Amino acid sequence: MTAAPARVEIAGDTLTVSGDIGPLNVLPVRAQGESLIAAAGGDLTVDLTAMAAAHSVVLSLLLCWQRQAASQGKTLMFSGASDRLVSLASLSNLDDQFPGFREKTPG
C-alpha cells in the first residue's frame, strides 16, 4: 500500500494538510506551508483531518508554522488532530502549544 502524498492547500482562512508526513518529506511540506501562511491575509485554521499518519516530526512542523505565523502577527488554530497526534503532543508537554488540540475528548 502506498502512502498518500503530502499536500498543503489553502482555501479562505483554512490551511488543509493531507497525506502522510514523515521525516523524508517534512521539509518540502514545511516550505509549502510557510509560503501559504506568508501569503495569507490573517489568522488561519490548520485542518489536520486528512492527515494520514501522526509522527513526532509533525509536531515540529506545526511549531515551525506557529513561529512563522506569530512573527507575522497571525494566529494559527488547529482542528481535526487525530487522537494519536493529540497524545504525542500531550506526552511531549506540547498540547498547550496547539490551540484546538485540547478540544479533543479523551477516549
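Treat the numbers as computed from the prediction; the structure is a model and nothing was measured. If you read the sequence from its start, that first residue is 1, and numbering goes on from there.
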For a quick test of your reading: what N or O donor-acceptor pairs under 3.5 Å do the side chains of residues 87-100 make, sequence neighbours left out?
{"residue": "Ser92", "atom": "OG", "partner": "Leu88", "partner atom": "O", "Å": "2.9"}
{"residue": "Asp95", "atom": "OD2", "partner": "Arg102", "partner atom": "NH2", "Å": "3.1"}
{"residue": "Asp96", "atom": "OD1", "partner": "Arg102", "partner atom": "NE", "Å": "2.8"}
{"residue": "Asp96", "atom": "OD1", "partner": "Arg102", "partner atom": "NH2", "Å": "3.0"}

Determine all donor-acceptor pairs shorter than 3.5 Å in which one atom belongs to a side chain in residues 12-25; sequence neighbours excluded.
{"residue": "Asn25", "atom": "OD1", "partner": "Gly22", "partner atom": "N", "Å": "2.8"}
{"residue": "Asn25", "atom": "ND2", "partner": "Asp20", "partner atom": "O", "Å": "2.9"}

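At a threshold of 4.5 Å between non-hydrogen side-chain atoms, the residues Phe78 and Leu85 do not count as touching. Between Val26 and Val58, every side-chain heavy-atom pair lies at or beyond the 4.5 Å cut-off.
Nearest heavy atoms, Trp65 versus Val29: CZ2-O, 3.5 Å. In plain terms, the two heavy atoms of Asp43 and Gly73 that are nearest each other are OD1-O, 4.2 Å.
Listed by first and then second residue, the side-chain hydrogen bond (donor to acceptor under 3.5 Å, both in side chains) pairs involving residues 31-41 are Arg30-Glu34 (not counting sequence neighbours). Identified under the side-chain hydrogen bond (donor to acceptor under 3.5 Å, both in side chains) test for residues 49-58, with sequence neighbours left out: Asp47-Thr49.
Applying the side chain to side chain contact (heavy atoms under 4.5 Å, CB included) rule to Ala38 yields the partners Gln68, Gln72; only residues at least two apart in sequence or on another chain are considered. Taking Arg7 as the reference, Glu9 meet the side chain to side chain donor-acceptor pair (under 3.5 Å) condition, with sequence neighbours excluded.
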